[in-house]
Amino acid sequence: MEAQRPESTEPTTPGGSSAQPGYGVGPWPGGPSAWPEGEQYDPELLAHGDTRNVIDRYRYWRMEAIVADLDTRRHPFHVAIENWQHDMNIGSIVRSANAFLADTVHIIGRRRWNKRGAMVTDRYQHVVHHEDIATFAAWAAAEGLPVIAIDNVDGAVPVDRADLPRSCVLLFGQEGPGLSPEALAAASGHIEITQYGSTRSINASAAAAVIMYEWCRRHAE
């Protein structure tokens with residue numbers, strides 16, 4: 001039986017100062033003699049508290065143990081992002097990929113990307129790099145994964161009416177220019193998000209979250 005964890009409270013740091021409100025637990029009640037058994041638990045977190053932004057299931061767990069557990073139940077969709085201009089939205093997309101339990105995030109283009117928006121979720125999410133679209137497309141073909149481009153281009157199908165395969169790669173472009181011609185050509189399907197206002201496009205990270213949620217709504221168990 002899994003040990004009963006303390007409920008999330010207003011968190012405090014080991015020194016007693018207030019941490020970010022809304023999540024976190026203090027040291028495991030009762031001291032070392034009451035600590036739960038299991039290799040997944042981190043003695044430092046048990047002793048000093050866990051103020052990470054993780055769900056209660058993973059309170060006091062080592063980071064490696066969390067990743068290993070996530071790996072047993074990741075969804076079969078991947079997320080790919082073109083990275084030619086060091087777009088700040090990439091970090092937010094990685095964070096959403098973790099929230100919706102994507103298999104892997106693929107960064108295409110520049111190897112370095114702005115991690116600030118990821119809020120350290122990249123530690124729990126597999127992220128790989130591809131030099132260019134051709135390399136990425138070759139990987140997807142070898143894995144038998146259809147590439148679905150998300151962009152409001154001519155011929156794109158609204159997501160509510162589009163085919164969204166269970167196993168696939170969802171390909172997103174940058175804020176502003178969207179996907180490159182090479183990326184659009186490498187995709188077997190093109191999807192757009194229906195909009196009702198005056199602006200031509202929505203924020204790239206917001207678009208990614210919408211599409212990932214729609215995938216989960218259809219396929220997640």
Side-chain angles (χ1 to χ4, degrees), residues 55 69-84 87 89-109 113 117-118 121-122 124-130 132-197 199-221:
I55 62 175
D69 189 68
L70 291 173
D71 285 347
T72 66
R73 54 191 185 88
R74 291 188 190 274
H75 293 139
F77 76 89
H78 296 240
V79 172
I81 316 160
E82 284 195 290
N83 182 30
W84 311 121
D87 190 348
N89 286 285
I90 292 176
S92 296
I93 294 174
V94 170
R95 184 178 183 183
S96 293
N98 169 266
F100 294 115
L101 202 58
D103 185 292
T104 302
V105 173
H106 303 262
I107 308 295
I108 306 167
W113 53 280
T121 54
D122 55 299
Y124 307 96
Q125 178 65 52
H126 298 303
V127 180
V128 300
H129 175 255
H130 302 270
D132 50 34
I133 287 293
T135 304
F136 161 74
W139 167 83
E143 294 294 320
L145 292 171
V147 176
I148 308 299
I150 315 300
D151 205 345
N152 54 351
V153 295
D154 289 343
V157 181
V159 66
D160 56 301
R161 303 200 302 268
D163 180 28
L164 202 56
R166 179 172 174 79
S167 296
C168 65
V169 188
L170 305 173
L171 175 58
F172 300 93
Q174 301 175 105
E175 191 75 20
L179 286 166
S180 67
E182 294 80 7
L184 291 170
S188 60
H190 302 84
I191 290 177
E192 66 179 2
I193 299 171
T194 302
Q195 298 167 208
Y196 303 93
T199 187
R200 180 181 181 276
S201 63
I202 62 175
N203 175 268
S205 61
V210 168
I211 299 297
M212 283 186 261
Y213 177 82
E214 176 62 16
W215 185 99
C216 290
R217 189 186 69 81
R218 297 188 193 186
H219 299 297
E221 298 178 355

Derivation and outcome, side chain to side chain contact (heavy atoms under 4.5 Å, CB included), residues Trp113 and Val127: CA-CA 11 Å; Trp113 53 280; Val127 180; 4.3 Å; yes
Asp71/His126 under side-chain hydrogen bond (donor to acceptor under 3.5 Å, both in side chains): CA gap, chis, key distance, verdict: CA-CA 9 Å; Asp71 285 347; His126 298 303; 2.7 Å; yes
Verdict with reasoning, Ile93 to Val105, per side chain to side chain contact (heavy atoms under 4.5 Å, CB included): CA-CA 9 Å; Ile93 294 174; Val105 173; 5.7 Å; no
Stepwise side chain to side chain contact (heavy atoms under 4.5 Å, CB included) check, Ile148 with Phe77: CA-CA 10 Å; Ile148 308 299; Phe77 76 89; over 6 Å; no
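Of the inter-residue distances, the one linking Leu171 atom CG with Leu179 atom CG reads 4.5 Å to the nearest 0.5 angstrom. Here the CD-CD1 distance, from Glu182 to Ile108, works out to 11.5 Å after rounding to the nearest 0.5 Å. With rounding to the nearest 0.5 angstrom, the CG atom of Asn98 is 9.0 Å from the CG atom of Asp122. Atom NE2 in His190 sits 5.0 Å away from atom CG in Leu184 (nearest 0.5 Å). The distance from the OG1 atom of Thr104 to the CD atom of Gln125 is 6.5 Å, given to the nearest 0.5 Å. Within the model, atoms CG of Asn203 and CG of Asn89 stand 4.5 Å from one another, a figure rounded to the nearest 0.5 Å.
Checked by atom type and distance alone, the side chain of Arg166 pairs as donor or acceptor with a backbone atom of His219 at under 3.5 Å. No donor-acceptor distance shorter than 3.5 angstrom exists from the side chain of Asp151 to the backbone of Gly178, with no hydrogens or angles considered. Between the side chain of Asn152 and the main chain of Arg200, a donor-acceptor pair closer than 3.5 Å is present. Glu82 places no side-chain N or O within 3.5 Å of a backbone atom of Gln174 that could act as its donor or acceptor partner.
Closest approach of Ile211 and Leu164 over heavy atoms only: O-CD2, 4.4 Å. The heavy-atom pair separating Thr121 from Arg95 by the smallest distance is OG1-CA, 3.2 Å. Residues Val147 and Ala186 approach most closely at CB-O, 4.1 Å, considering heavy atoms. Smallest separation of non-hydrogen atoms from Pro146 and Gly144: CD-O, 3.7 Å. Among all heavy-atom pairs drawn from Glu214 and Val159, the shortest one is CG-CG2, 3.8 Å. Residues Ala209 and Phe100 approach most closely at O-CE1, 3.8 Å, considering heavy atoms.
Side-chain contact check for Pro158 versus Glu192: some heavy-atom pair is nearer than 4.5 Å. The side-chain heavy atoms of Ser167 and Leu145, taken from C-beta on, include a pair separated by under 4.5 Å.
Legend: residues meeting side-chain contact (heavy atoms from CB on, under 4.5 Å) with Asp132, ordered by chain and number and at least two apart, are Ala134, Thr135. Every ring-ring contact (aromatic ring centres under 6.0 Å, His included) that His75 has, sequence neighbours left out, goes to Trp215. Residues meeting the ring-ring contact (aromatic ring centres under 6.0 Å, His included) test with Phe136, sequence neighbours left out: His130.
Applying the side chain to side chain contact (heavy atoms under 4.5 Å, CB included) test between Tyr124 and each of Val94, Leu101, Leu70 identifies Leu70 as the sole match.
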